[in-house]
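What follows is a short report on a single structure.
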Amino acid sequence: MGTGIMAAIPITLEPYERWELDTKDFSKGFFDNFDVEETGSKTIYTIKENLLIDNYKAFLIEFYTLIERDFKKETDLTFDTIPSVTNLDEFREVFSDDNRKGYLPYIWNDYHFFSVVGCKCHEYCLFYWGSYKAILEEYITLLHFERILSKSMSNPLANAVKFGIFG
């Protein structure tokens with residue numbers, strides 16, 4: 001197993017230390033999905049809880065229908081058995097890697113494993129697993145995926161997605 005393309009909804013992220021966030025590295029409206037907290041010299045972006053909790057089920061259904069992948073095979077769930085949660089703590093518990101046993105979607109929390117354009121994702125919900133045979137010289141293609149997705153889906157979470165190299 002190596003590295004490959006995955007997609008996630010960031011739960012918490014921050015700018016890289018050496019570069020400021022540049023909105024051109026994100027889909028239009030991306031930052032509208034996050035609350036901002038200044039802690040000393042750091043800026044932390046956290047997904048708006050209601051946005052995530054109210055929309056993740058419909059997002060997964062719309063996304064997997066759009067890409068025509070077998071939801072049951074990828075997630076070990078059906079559209080009817082996607083767990084319901086009422087807050088971010090429950091979301092973290094239900095979609096923890098331990099509880100999901102490697103099936104998507106699951107939460108990961110190490111930015112070293114998920115390399116994306118424009119920021120460090122500290123905690124994120126992985127929901128798409130692409131090829132592990134991907135060879136990428138420039139990350140701009142991943143940004144193009146993000147922009148296409150945000151324009152092709154109606155779900156409010158569509159523009160809160162980051163595609164990246166995982167592994």
Side-chain angles (χ1 to χ4, degrees), residues 5-17 19-67 71 74-75 77 79-100 103-129 139 142-164 166:
I5 294 174
M6 292 190 83
I9 298 169
I11 297 171
T12 60
L13 62 94
E14 73 173 303
Y16 289 109
E17 287 86 17
W19 301 282
E20 291 186 28
L21 289 178
D22 189 341
T23 56
K24 72 176 174 38
D25 293 332
F26 300 86
S27 60
K28 185 177 180 183
F30 179 86
F31 291 104
D32 297 339
N33 301 303
F34 295 86
D35 293 319
V36 182
E37 181 183 346
E38 302 288 337
T39 57
S41 63
K42 288 189 176 189
T43 304
I44 304 296
Y45 295 80
T46 303
I47 190 114
K48 291 180 179 176
E49 184 171 5
N50 287 344
L51 175 73
L52 179 63
I53 301 307
D54 294 347
N55 294 293
Y56 75 91
K57 289 172 93 172
F59 174 83
L60 290 170
I61 293 167
E62 185 178 0
F63 178 80
Y64 275 89
T65 301
L66 181 68
I67 66 168
F71 187 72
E74 299 291 322
T75 66
L77 297 168
F79 291 149
D80 294 329
T81 61
I82 300 170
S84 294
V85 300
T86 58
N87 60 53
L88 193 51
D89 289 334
E90 285 181 21
F91 185 85
R92 286 178 171 118
E93 176 64 24
V94 166
F95 293 106
S96 71
D97 187 38
D98 289 339
N99 284 336
R100 296 294 299 141
Y103 282 101
L104 297 172
Y106 63 90
I107 294 175
W108 201 260
N109 59 8
D110 188 338
Y111 77 90
H112 293 101
F113 280 89
F114 191 50
S115 178
V116 301
V117 173
C119 65
K120 295 189 292 190
C121 297
H122 287 287
E123 182 181 28
Y124 41 93
C125 181
L126 294 161
F127 66 88
Y128 168 77
W129 194 318
Y139 278 70
L142 300 177
L143 177 59
H144 294 162
F145 290 166
E146 294 167 14
R147 289 179 177 161
I148 290 168
L149 185 68
S150 73
K151 290 176 176 143
S152 63
M153 290 182 68
S154 62
N155 191 286
L157 286 172
N159 67 344
V161 170
K162 291 303 286 176
F163 279 83
F166 186 83

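All values derive from a computational prediction rather than experimental measurement.
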| remark: Paired with Y128, the ring-ring contact (aromatic ring centres under 6.0 Å, His included) test is passed by just one of F63, F71, Y64, namely F63

| Backbone N or O of F163 within a donor-acceptor pair of the E146 side chain at under 3.5 Å? | yes

| said: Would the distance check show the side chain of N55 and the main-chain N or O of N155 forming a donor-acceptor pair, the cut-off being under 3.5 Å? | reply: no

| Side chain to side chain, C119 and Y45, heavy atoms closer than 4.5 Å | no

| query | Does the side chain of V161 come within less than 4.5 Å of F145's, by heavy atoms? | reply | no

| query | Rounded to the nearest 0.5 Å, how far apart are NZ of K162 and CG of L142? | reply | 8.5 Å

Counterpart residues, side-chain contact (heavy atoms from CB on, under 4.5 Å), relative to [X] (two or more places apart):
X	result
K28	none
N99	E93, S96
A158	M153
E38	V36, T43

Under 3.5 Å, sequence neighbours excluded: what are the donor-acceptor pairs made by side chains of residues 104-111?
{"residue": "D110", "atom": "OD1", "partner": "H112", "partner atom": "N", "Å": "2.9"}
{"residue": "D110", "atom": "OD1", "partner": "H112", "partner atom": "ND1", "Å": "2.9"}

| query | Listed by chain and number, what are the salt bridge (charged side-chain N to carboxylate O under 4.0 Å, His left out) partners of D22, not counting sequence neighbours? | reply | K24

| request: Could you walk me through whether Y139 and S115 pass the side-chain contact (heavy atoms from CB on, under 4.5 Å) test, one step at a time? | output: CA-CA 9 Å; Y139 278 70; S115 178; 2.8 Å; yes

